[in-house]
K.L.:
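Just dropping this structure here.
Just so we're clear, the structure is a prediction, and the values are computed from it rather than from any experiment. Quick note: numbers below take in every heavy atom, side chains included, and nothing from hydrogens, waters or symmetry partners. Order of the sequence lines fixes the chain letters, A, B, ..., with proteins taken first and strands second; residue numbering starts at 1 for each chain.
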Amino acid sequence: MIDTASLRAEQVEKAKAVVKQDRLGFDEPKWIAGADVGFEQDGKITRAAIAVLSYPSLELVEYRVARVPTSLPYIPGLLSFREYPALLAAWERLTIVPQLVFVDGQGIAHPRRLGVASHFGLLVDVPTIGVAKSRLCGHHDELEPFAGAVSPLIDKEEQIGWVWNSKARCKPLYISIGHRVSQESALFWVERSMRGYRLPEPTRWADAIASRRPAFMRWLAAHPEKNVDEG
DNA sequence: GCGACAG
DNA sequence: ATCTTGTCGC
């Protein structure tokens, strides 16, 4: 059985170490990464992908993939324990060290303030931002129906992130501090990593790679020398 | 007790 | 997350 109580206790402890101020180490980053996880073989295998993009050109310059046996089922609130082992394995394979990482999922916008973006950021000690496609906790005012509309995400009287319409007629994104980034900078850097789609480019590429989407398979066909899947 | 619930 | 075609709307 899974000792969910102790995992939750661990989150409460680790959340104390999350840095919610800017400790970016750059004025403007040269490399921004996106990190995401997908699954194979009916969920037996967890596959993590990290895509490194140049900034401000936002071009994919490197990616790494790692597969590890799935260790935990999906339990709302405990997602990071399921995903971080594979993310760490992919991280260790990078030749470029990203200065900022967008992680698919929540940062501190989590019941115990330790979503996967914060947990991973702490483990590798790098600035991270949580970019989630749906809400885990907290509440917010309804957004005005246009791109750019934003509203604070609130939980227990405290702002834990932003709800942001990244694109017209699309569901909003939930942006939160991961680690070593302020609330303001989190939204700022995500806004500057957009290219006309609902998701910022680093996240879009990580998702395409982790889930082997057609867009990534086409890119691979055009750049065969960059195929490093499996190694 | 009831409902909500990242990926 | 993943399984999957067509379809509605801009």
K.L.:
Quick test of your reading of the model: are A/Arg47 and A/Glu40 salt-bridged, counting only N-O distances below 4.0 Å?
P.N.:
yes

K.L.:
For a quick test of reading the model: is some side-chain N or O of A/Ser211 closer than 4.0 Å to OP1 or OP2 of C/dT2?
P.N.:
yes

K.L.:
Spell out, as yes or no, whether a donor-acceptor pair under 3.5 Å connects the side chain of A/Gln99 to the backbone of A/Ile32.
P.N.:
no

K.L.:
Measure centre to centre between the rings of A/Phe26 and A/Trp189, then say whether the value is under 6.0 Å.
P.N.:
yes

K.L.:
About how many Å separate CD of A/Glu62 and CZ of A/Arg93, when rounded to the nearest 0.5 Å?
P.N.:
11.5 Å

K.L.:
With A/Trp91, which residues qualify under ring-ring contact (aromatic ring centres under 6.0 Å, His included), at least two apart?
P.N.:
A/Phe120

K.L.:
Between A/Ser176 and A/Trp162, is any pair of side-chain heavy atoms under 4.5 Å apart?
P.N.:
no

K.L.:
Can you get from A/Leu58 to A/Leu187 by hopping between Ile, Leu, Val, Met, Phe, Trp and Tyr side chains that sit under 4.5 Å apart?
P.N.:
yes

K.L.:
Could you tell me how the ring of A/Tyr84 sits relative to the ring of A/His119: parallel (under 30°), tilted (30 to 60°) or perpendicular (over 60°)?
P.N.:
tilted

K.L.:
Can you give me the dot-bracket string for DNA chain C, 5' to 3', counting Watson-Crick and G-U wobble pairs with both distances under 3.5 Å, using [ ] for crossing pairs and | for partners on another strand?
P.N.:
..........

K.L.:
Counting Watson-Crick and G-U wobble pairs with both distances under 3.5 Å, what is the dot-bracket string for DNA chain B, 5' to 3', using [ ] for crossing pairs and | for pairs to another strand?
P.N.:
.......

K.L.:
Which parts of nucleotides 2-7 of chain B does protein reach within less than 4.0 Å, heavy atoms only, written one letter per nucleotide 5' to 3' as B for base, S for sugar-phosphate only and - for none?
P.N.:
--SBBB

K.L.:
Check ring-ring contact (aromatic ring centres under 6.0 Å, His included) between A/Tyr74 and all other residues, then give those that pass, not counting sequence neighbours.
P.N.:
none

K.L.:
I'd like to know if the side chain of A/Thr128 reaches the main chain of A/Val101, judged simply by a donor and an acceptor atom lying under 3.5 Å from each other, with no hydrogens or angles considered.
P.N.:
no

K.L.:
If you measure from the Lys or Arg side-chain nitrogens to the Asp or Glu carboxylate oxygens, is any gap between A/Arg113 and A/Glu158 under 4.0 Å?
P.N.:
yes

K.L.:
Between the side chains of A/Ser182 and A/Asp22, is a donor N or O closer than 3.5 angstrom to an acceptor N or O?
P.N.:
yes

K.L.:
How does each nucleotide of nucleotides 3-10 of chain C score, in 5' to 3' order, for protein heavy atoms under 4.0 Å: base (B), sugar-phosphate only (S), or none (-)?
P.N.:
-------S

